[in-house]
**Q** 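Just passing along the structure, written as structure tokens.
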Amino acid sequence: MVHKAHPPARPVRAFRFDEHIVRRCDVVVVGGGAAALCAAISARRSGASVLMLESAPKALRGGNARHSRNFRIMHDGPTPFIQGRYDADDVRSDLRRVTGGRMDDVVADRLIGESAGIVGWLSENGVRFQDAGDGNLPYSRKTAFFHGGGKALVNALYETAARLGVDIRYDSEVYWLDLGEGLAPSVTVRCLDGEQVLSAGAVVAASGGFQANGDWLRECWGAVADQIVTRGTPHATGTVLKGLLDLGAAPVGDAGCGHMVAVDARSPRFDGGIVTRLDGLAQGVVVDRDGRRFADEGSDIGPTRFSVWGDRVARCAEGLAFSIFDSVIERRFRPSIFPAIRAGSVGELAVALGIAPKALEQTVGAYNAAIRSGGGLPDWRTEGLDPPKSRQAAPIAVPPFGAYPVRAGLTSTQLGVRVDERARVLDRCGIPMDGIFAAGVIMAPNVIGRGYLAGIAMTIGAVFGRIAGREAAAHARR
Ligand SMILES: Cc1cc2nc3c(=O)[nH]c(=O)nc-3n(C[C@H](O)[C@H](O)[C@H](O)COP(=O)(O)OP(=O)(O)OC[C@H]3O[C@@H](n4cnc5c(N)ncnc54)[C@H](O)[C@@H]3O)c2cc1C
């Protein structure tokens, strides 16, 4: 298959990297997050010269990984970093359950198999993990936690990459890829000083999704796109993803899907990170701008309870909802990083939120009247209410009353390029595109084409980053 497309016309001011770097570059890694770092280190350790191009400035390097804290790994028994046992069949069946089977079994099996050794590999490359038995972590047999969080992981991997001799360039956005028609592929990069075309033995695309690209989101999601915030990096614009698709890479996943959670509506447009997530939606009630409930708040009270609310809230008028509680309920969940809006009565609270007081009073009154409180709190539920609250239906009765404004926070989009188990990007005929590899969110929908599994994103980045780097180095040598 011929892969050909034309770069977007734009004025070019010539700029050159040092000649020796360009000439000796075996592998170009596009991106600066966890997947890119693992690819760069792996390629360098495999003997390749590596140039890493990160569009963010140094202070914002690391993509979404700097917001992360744990990842999911297969293991056959306890280790200092993870408890219990979570074997390959367990991981596979969790993946199958959340994706409804929308996964490539071969790619998923490679991920699961290599996840077993990824803690050791990351440790060798400077990442530290939290001791599972130190009493500071909740029991977890599925995920290991990064000591110091994602920021520490990113800093450690950058340090290792630099020490190994990876040439790291910040403020360097790749906006065009050329496949070289059987010769070396090349990328066109825009830096602070101008633009340059760089050729390489192989290119690893590790530039994430398109969750920060408002225009593309609007094209796929409609007006909803303007109502959401992006939880992570503003640099995930999907430029390279789009370029690869235009060049004939096979798409995988769904442009209309993304992973979203409930966040405080006062969060910044980008990079709010983990602290803006709202925890207590299942405890009280959630209403829209008209003061109406629109979902069963008790339907999901497990550890991933925030992830069901992203889609729900995004569909509300103006993409806005309100989590409503009283002073008793408020003690049962972690507060927002922003202060609660409070009032002495439900009517006054409605006024403070811009909701018609009668509407909210009626919603809360009907909800309180419908509660059947037998057994423990988890079993309290409503009867005869539509929508019902099927669990944790505690009355909203003791002032002061409180509320948080809620918006959907987008973690990442779920459209990617198809790869094989060697991280080679495949075209629409299933043929590897010569010298082009992908790792991380840009290929994650091969494994998780739908749904959400906590911690799997960082595993995909680390495992396929490592594989892509190794394979790209081998390709460049050939
Ligand atoms: C708040 C938050 C918390 C999270 N917590 C977890 C967690 O605990 N566990 C977990 O598994 N996952 C978590 N995730 C998801 C996880 O962080 C990401 O899935 C993972 O970091 C993705 O890695 P990546 O390298 O593929 O992409 P990204 O992190 O999106 O990195 C993409 C990189 O490419 C660069 N880039 C983009 N376009 C270009 C271009 N054209 N040229 C050059 N560079 C470019 C960007 O600057 C960026 O550095 C979290 C995400 C968020 C937002």
Side-chain angles (χ1 to χ4, degrees), residues 28-40 51-58 60-73 115 140 142-146 149-151 153-154 157-158 168-177 187-191 203-213 229-244 258-261 263 267 270-277 304 306-307 409-414 416 438-445 447-448 452-465 468:
V28 165
V29 176
V30 186
L37 284 160
C38 291
L51 175 65
M52 193 172 132
L53 301 169
E54 157 69 305
S55 59
K58 188 173 181 184
L60 290 178
R61 69 184 184 182
N64 285 348
R66 65 200 149 90
H67 295 299
S68 70
R69 49 189 200 142
N70 63 347
F71 74 162
R72 186 172 287 253
I73 48 173
S115 76
S140 175
K142 298 187 177 180
T143 61
F145 284 74
F146 314 126
K151 186 92 186 185
L153 168 137
V154 162
L157 291 177
Y158 268 103
I168 302 164
R169 302 292 174 125
Y170 301 104
D171 297 298
S172 300
E173 185 201 7
V174 170
Y175 77 88
W176 182 248
L177 264 138
V187 298
T188 307
V189 58
R190 186 169 41 221
C191 330
V203 173
V204 178
S207 44
F210 68 92
Q211 61 273 8
N213 185 330
V229 299
T230 300
R231 301 173 70 211
T233 177
H235 294 276
T237 55
T239 312
V240 172
L241 168 62
K242 184 144 200 338
L244 283 171
H259 173 249
M260 291 195 284
V261 303
V263 296
S267 307
F270 296 107
D271 265 337
I274 195 112
V275 292
T276 60
R277 194 173 71 183
T304 57
F306 4 80
S307 59
L410 179 58
T411 314
S412 53
T413 45
Q414 277 178 306
V441 159
I442 196 170
M443 48 64 69
V447 178
I448 183 153
Y452 167 70
L453 201 57
I456 202 76
M458 286 296 286
T459 316
I460 294 171
V463 166
F464 277 98

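As a basis for the values below, the full set of heavy atoms in this structure was taken, side chains included, without hydrogen atoms, waters or symmetry mates. Order of appearance sets the numbers: ligands from 1, and atoms from 1 within every ligand. Keep in mind that what you see is a predicted model, and the values were worked out from it rather than measured.
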**Q** Take the angle between the ring planes of Tyr452 and His259 and call it parallel below 30°, perpendicular above 60°, tilted in between.
**A** parallel
**Q** For the NE2 atom of His67 and the OG1 atom of Thr233, what is their distance to the nearest 0.5 Å?
**A** 7.0 Å
**Q** Give the atoms of ligand 1, by number and element, whose distance to some non-hydrogen atom of Gly455 is under 4.0 Å.
**A** 9 (N), 10 (C), 11 (O)
**Q** Closer than 4.0 Å to some heavy atom of Arg69 - which atoms of ligand 1 meet that?
**A** 7 (C), 8 (O)
**Q** Given Ile456, Thr411, Asn70, which one has a non-hydrogen atom that is nearest to atom 52 (C) of ligand 1?
**A** Thr411
**Q** Flag Thr237 as yes when one of its N or O atoms lies below 3.5 Å from any N or O atom of ligand 1, and as no otherwise.
**A** no
**Q** What are the two closest heavy atoms between Arg231 and Val261, and how far apart are they?
**A** NE-CG2, 3.5 Å
**Q** Using 0.5 Å steps for rounding, measure from the CG atom of Leu60 to the OG atom of Ser55.
**A** 10.0 Å
**Q** Should Gly409 be listed as contacting ligand 1, given a heavy-atom distance under 4.0 Å as the test?
**A** no
**Q** Students should be able to answer this: which protein heavy-atom is nearest to atom 41 (N) of ligand 1, and at what distance?
**A** Val174 O, 2.8 Å
**Q** So, the side chain of Ser68 versus the backbone of Asn64: is there a donor-acceptor pair under 3.5 Å, distance only?
**A** no
**Q** Do any nitrogen or oxygen atoms of Phe71 come within less than 3.5 Å of a nitrogen or oxygen of ligand 1?
**A** no
**Q** Take Ile442 and Ser207 through the side-chain contact (heavy atoms from CB on, under 4.5 Å) test and state the conclusion after the steps.
**A** CA-CA 7 Å; Ile442 196 170; Ser207 44; 3.8 Å; yes
**Q** Checking the side chain of Tyr158 only, and the main-chain atoms of Gly32 only, is there a donor and an acceptor separated by less than 3.5 Å?
**A** yes
**Q** Out of curiosity, Ile456 CD1 to Ile73 CD1, how far, rounded to the nearest 0.5 Å?
**A** 10.5 Å
**Q** Which ligand 1 atoms, with their elements, are less than 4.0 angstrom from a heavy-atom of Ala34?
**A** 25 (O)
**Q** Among Thr143, Ile460, Val463, Thr459, exactly one meets side-chain contact (heavy atoms from CB on, under 4.5 Å) together with Phe71. Which residue is that?
**A** Thr459
**Q** Just jot down the ligand 1 atoms closer than 4.0 angstrom to any heavy atom of Ala35, in number order.
**A** 25 (O), 26 (O)
**Q** Could you establish whether Ser412 and ligand 1 come within less than 4.0 Å of each other, counting only heavy atoms on the residue side?
**A** no
**Q** Give the residue, atom name and distance (to 0.1 Å) of the protein heavy atom nearest atom 2 (C) of ligand 1.
**A** His67 CB, 3.5 Å
**Q** Atom 31 (O) of ligand 1: which protein heavy atom is closest, and how many Å away?
**A** Gly63 CA, 3.7 Å
**Q** Heavy-atom pairs closer than 4.0 Å: do any link ligand 1 to the side chain of Ala454, the backbone, both, or neither?
**A** neither
**Q** Go through the steps for Asn213 and Thr413 under the test side-chain contact (heavy atoms from CB on, under 4.5 Å), then give the verdict.
**A** CA-CA 10 Å; Asn213 185 330; Thr413 45; over 6 Å; no
**Q** Looking at side-chain heavy atoms only, is the closest gap between Glu173 and Thr237 below 4.5 Å?
**A** yes
**Q** Which atom names give the shortest non-hydrogen contact between Ala454 and Arg72, and what distance separates them?
**A** O-NE, 2.8 Å
**Q** What's the shortest heavy-atom distance between Ala468 and Ala439, and which atoms?
**A** CB-CB, 4.1 Å
**Q** At a 4.0 Å threshold, what atoms of ligand 1 neighbour a non-hydrogen atom of Ala65?
**A** 17 (O), 21 (O), 29 (O)
**Q** Taking 4.0 Å as the limit for heavy-atom contacts, which would you say applies to Leu53 with ligand 1: side chain only, backbone only, both, or neither?
**A** backbone
**Q** Can you name the atoms of ligand 1, numbered from 1 with element, that are less than 4.0 Å from a heavy atom of Val240?
**A** 41 (N)
**Q** To check your reading of the model: name the closest protein heavy atom to atom 44 (N) of ligand 1, its residue, and the distance in Å.
**A** Ser55 N, 3.1 Å
**Q** Which distance, rounded to the nearest 0.5 Å, do you find between the CD of Gln211 and the CZ of Phe270?
**A** 9.5 Å
**Q** Who's closest to atom 6 (C) of ligand 1 heavy-atom-wise, of Ala236, Ala212, Ser68?
**A** Ser68
**Q** Of all the non-hydrogen atoms in the protein, which one sits nearest to atom 17 (O) of ligand 1, and at what distance?
**A** Asn64 O, 3.2 Å
**Q** So, does Gly461 sit close enough to ligand 1 that a heavy atom of it is under 4.0 Å from the ligand?
**A** no
**Q** Does an N or O from Val441, backbone or side chain, lie closer than 3.5 Å to an N or O of ligand 1?
**A** yes
**Q** Taking all non-hydrogen atoms of both residues, which atom of Ser412 and which atom of Val441 are closest, and how far apart?
**A** CB-CG1, 4.2 Å
**Q** Nearest protein heavy-atom contact for atom 15 (C) of ligand 1: which residue, which atom, what distance?
**A** Ala457 CB, 3.9 Å
**Q** What residue and atom, counting heavy atoms only, is the protein's closest point to atom 11 (O) of ligand 1, and at what distance?
**A** Met458 N, 2.8 Å
**Q** Please determine whether side-chain contact (heavy atoms from CB on, under 4.5 Å) holds for the pair Leu153 and Met458, giving the CA-CA distance in whole Å, both sets of side-chain angles, and the decisive distance to 0.1 Å.
**A** CA-CA 11 Å; Leu153 168 137; Met458 286 296 286; 3.9 Å; yes
**Q** Near Gly208, which atoms of ligand 1 are under 4.0 Å from a heavy atom of that residue?
**A** 27 (O), 30 (O), 32 (C)
**Q** Which atoms of ligand 1 sit under 4.0 Å from any heavy atom of Gly33?
**A** 25 (O), 31 (O), 33 (C), 49 (O)
**Q** What is the closest protein heavy atom to atom 37 (C) of ligand 1, and at what distance does it sit?
**A** His235 O, 3.1 Å
**Q** Does Thr239 reach ligand 1 with a nitrogen or oxygen that is under 3.5 Å from one of the ligand's nitrogen or oxygen atoms?
**A** no
